[in-house]
Each structure stands twice: as structure tokens, then as C-alpha cells.
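What you are looking at is a predicted structure, and each value in this text was computed from that prediction instead of being measured. Each ligand, and each atom within it, is numbered from 1 in the order the structure gives.
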Amino acid sequence: MKLVDTHCHIYGDSYKEDLEEVMKRAEENLDFIVNIGYDLWSSREAVRLANEYDFAYATVGVHPTEIKEYSKEIEKEIENLCKDKKVLAIGEIGLDYYWMNDPKEIQQNIFRKQMELAKRVNKPVVIHTRDAMEDTINILNEYKDVEGILHCYPGSFETAKLVMDRYYFGVGGVLTFKNNAKTKEFVKKAPLDRLIIETDSPYLTPVPFRGKRNEPIYVEHVAKEIAIIKEISLEEVIEVTTNNAKKIYRIGE
Ligand code: NI
């Protein structure tokens, strides 16, 4: 069995020199990748690439730092993209109180609009949350019939339990960083059948490539770290997390 990159951003300037090689390496080594949109442009790029490569899928949505562009028209465009069968989810959406490009109330309002959209098109959501855990969990719990992924999950196991009935938790390169006790503790406590693996390429490159551009095949380094922390085999990590990814993204149904 092969790993999955459940969250990457393979488009734009970071890959303009060698996109084909990056995709080829991913195709050879991984089961599939999910290219995540953060605004209308990147959502379209993700869908375009998903239609070029069998093993690539897309999500569409507007990231909380990019909601200045959000409007009824944009929402309609995003909803139209959902008709493409390679579009798996709405995301990444959520709250970001670190950058705070827009006031909390506006972020929450647009987060709810996109949760409604996910409900309407019957797709899971990919959630970004930064310095906003409590409000994020509260809003997720307003939508008990929507399931999804908390990507690059930054919270505690106690908090995760509040939505663990229908959310999976994305673990990426930060797990391999030496000073990241919080994520290591979360991975130790969380059941493997709720974890999925991601890179967030081109960002958050794992050790031993930290500081360089990230790419999907580096999920391997995250998987190895999970195996060490949970004291289980790499094979078990691969099998369970790949099945988790297929379940939440509804692949092969
Ligand atoms: Ni991302």
C-alpha cells in the first residue's frame, strides 16, 4: 500500500520550473494527492490539474486570510466547480486570528457560508484554524451533519475529542520538528484511525529537508515519525492512514 498526501498546494510560482517532475514523483510513490484551493484562482488551478492527472484530486474554497474577495458571485463559481467529479471537498476554509486580515465576525460569517455550501453540495470540509480553536470547534458543532478534516491540527487531544465523531486530523511536517512537543503528544494520544497525513506543500517541509520547498512524496517522513511515536510499524501507519483518507474524501465509493 502507498501513502496519500491529503493536503498540498501544487500550482503557481513554487512549481513553475518543475511541476511535471514533482507530479511524476508523486504519481510513482503515492496512492493519490489532494490539491487544496485557497481562493477562486487556486481552486480552478487545482481542478485543472486534477483533470490532467488521474491520481490528483482537488478541493475548492476560500481561505480565511483571502476572504476579501468573497461575494455571492465567487460563491456561485465555487459551487459550480463542485460539479466536477474530481472535486472532493470544500476547503480550505476556517478561521485565522493570527493574521487577522479581517475581523473575527466577518471571518465567522464567511466560514458559516462555506459550511452551508458544503452541506448543500454534500461534501466534506477541509478546515484551517490558527489561534482560533474554540470558535472553530463551536462553529463545526453547529453543523452536525458535515464531516471533514482539521488540517495541520494544532490543538490538544482533549479538544480534538469534541469533534472526533466526524472529523479527521491532518498531521504534517511540523511533527518532525524537534521543538514540537504539542503535536507529538497529540499523535501519541490520538487513535490512528482518526489521523491522516499531509505535506501542505510548498510549506512546512519536514526534517531532513526543513527550510527547502516541500513536495508530496515527503509524506514518508511524517509517516515514519508517526510510527516511531506510536511504536507501531510503518506498514500499519501507511495502511490505516491511507484508508482514513479514502474514507473521509469518499474515494472508491
Ligand atoms: Ni494549506
Exceeds 12 heavy-atom contacts within 6.0 angstrom, atom CD of Glu134: no
Phe55 CZ: over 12 foreign heavy atoms closer than 6.0 Å: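 Above 12, so yes.
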Charged tip of Lys104 within 45° of Tyr97 ring normal and under 6.0 Å: yes
Apart from Ile149 itself, residues in the same hydrophobic cluster as defined by side-chain heavy atoms under 4.5 Å: Val4, Phe32, Val34, Ile36, Tyr57, Leu88, Val126, Tyr168, Ile196, Ile248, Tyr249, Ile251
Whichever hydrophobic residues join Trp41 through chains of side-chain contacts under 4.5 Å: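 Via sub-4.5 Å side-chain contacts, Trp41 links to Tyr11, Tyr38.
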For the Ni ion (ligand 1): protein N/O/S atoms at distances below 2.8 Å: 4
Under the ring-ring contact (aromatic ring centres under 6.0 Å, His included) test, residues paired with Tyr98 that sit two or more places apart: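 If we apply the ring-ring contact (aromatic ring centres under 6.0 Å, His included) test to Tyr98, skipping adjacent residues, there are no hits.
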